[in-house]
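Structure record follows, encoded as structure tokens.
Side-chain atoms are counted along with the backbone in the values below, which use heavy atoms only and exclude waters and symmetry mates. Letters A, B, ... mirror the listed sequences (proteins, then strands); counts begin at 1. No experiment lies behind these values; they were computed from the predicted model shown.
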There are 2 protein chains.
Amino acid sequence: MARPVMKEVRQQELIEATLISVERYGLQHSTINTISAIAGMSSGIISHYFGGKQGLIEATLRYLIDQIKQVLLAKISDKSLSAQDRLFMIVEANFTELQRSNAATKTWLSFWSQAMHDPGLARLQHINNRRLYSNLLYSFKQLLTDVEAVNAAKQTAAIIDGFWLRSALSSTPEADFKQAQTLSKAFINTVITQYGEKKCHH
Amino acid sequence: MARPVMKEVRQQELIEATLISVERYGLQHSTINTISAIAGMSSGIISHYFGGKQGLIEATLRYLIDQIKQVLLAKISDKSLSAQDRLFMIVEANFTELQRSNAATKTWLSFWSQAMHDPGLARLQHINNRRLYSNLLYSFKQLLTDVEAVNAAKQTAAIIDGFWLRSALSSTPEADFKQAQTLSKAFINTVITQYGEKKCHH
DNA sequence: GTTAATTGATTGAACGATCAATTAACTATA
DNA sequence: TATAGTTAATTGATCGTTCAATCAATTAAC
């Protein structure tokens, strides 16, 4: 078993076990024992591959963030989409099956609360927040003036995160996540239409 | 010290000590010792007045939720405000000094992640989310059709929570919270104007 | 003197990290 | 091919720490 590929396989298995453990017990009550048991390994392996529990936690957050990035890339690559379509793709990338899963929602919320006391997590969180804003801004700038685009991007980022949060905390998350996408897109249309019709204002 | 008023005074002191401890150490690392030390009391008093640490945690969340309610009541009571003004007051009640404070933001985020595994906290959280929506819906219904008002209320609730979340996690929370209020109100104006000018659509 | 309020040392459980021991894969040599 | 030797992967019992809860003892009010 001296193959270097083992490392990445084991690490990914442990990340997936972490998501399952957080879904089942919450991050608070996820221990190196619950996680390694789900992965079918011993507890010592976590320190071996991630330096400790904290390293595994950060790696799991990195995985979730990276998934958003990959999904968006796949959706917009080698297609010639309109700016509006591109904005819709951004919404969809933030509401994929994975991001709506119980495991992911519980994990994100736990990470947010830890991020306020952990510079490592805070940095990842910050980068992720900026990217959503930047992606939105890029597309809005093709439709609106610069100032309008900045405000539209900030509002849209807020509405996406807000709908995601309220859906995750809802007692009927499935239905709410679905409507969240619809209303997020409707908002984007409102913004685009609104500024396109300035001449109609009283 | 046999006066029944002691109980409420001590409880409030412990709730405020909890907020300070969560700000300083995070909920994770807030213990009955850090909290009671900040309050200048002994650790045993927490179990005595709240039944245990968990009871104090829930009481602190209740306090934060109640503050939003009280602030909004104070803002709209015995004034004859327009529906638009009322909507603005709802925004302001969610962005008061207390709610923007480091203690409150860290506490809210910690509670959210715990709420997904604690039915008691989940129930409080759910009631609070519903109230924001209901308050918004009431005012929007005076300006829009019922269907439009439902969508507007959902979007506005999401944008308020989303801006609050992104500001709390921002590296420059002070500036972001300030702009969050402005852009939340701007959004409300957009919605009202948008539906009021349907006749102008192409 | 009675009752309520408060203390804080103690207890026991939980948990992360450690690391010596074990297993498995691969390599070199005959 | 077989055997011994080397290295990497993995185990899990143990250790030290943290922390919530308990409750007998103490203090202070009336």
Side chains of A:D118 and A:E58 in contact at under 4.5 Å (non-hydrogen atoms): yes
A:M41 CE - C:dT22 C1' separation (whole Å): 18 Å
Contacts of type side-chain hydrogen bond (donor to acceptor under 3.5 Å, both in side chains), residue B:E92, not counting sequence neighbours: B:K75, B:K185
OH/B:Y133: more than 12 non-hydrogen atoms of other groups inside 6.0 Å: yes
Short side-chain N/O contact to D:dG12 OP1/OP2 from A:S42, under 4.0 Å: no
Whole-Å distance separating the CD1 atom of B:I45 from the P atom of C:dG8: 11 Å
Base-pairing assignment for D:dT27 (Watson-Crick or G-U wobble, both under 3.5 Å): C:dA4
For D:dA13, the Watson-Crick or wobble counterpart (both distances under 3.5 Å): C:dT18
Output one line per pair: protein atom, nucleotide atom from nucleotides 20-23 of chain D, and distance, for all N/O pairs under 3.5 Å.
unit_1	atom_1	unit_2	atom_2	d
D:dA20	OP1	B:K53	NZ	2.7
D:dA20	OP2	B:I32	N	3.0
D:dA21	OP2	B:K53	N	2.9

A:R10 vs D:dA9: side-chain N/O to OP1/OP2 distance below 4.0 Å: no
Spacing between B:L56 atom CG and D:dC19 atom C1', to the nearest angstrom: 15 Å
Criterion side chain to side chain contact (heavy atoms under 4.5 Å, CB included) against A:T18, the qualifying member of A:T60, A:L27, A:I46, A:T34: A:T60
Rounded distance (Å) that lies between atom P of C:dA5 and atom NE2 of B:H48: 6 Å
Touch class at under 4.0 angstrom, heavy-atom based, for A:F50 against every strand present: nothing
Check: B:F187 ring centroid to A:F187 ring centroid under 6.0 Å: yes
Pairwise distance CG(B:L19) to CD1(B:I38) - rounded to 0.5 angstrom: 10.0 Å
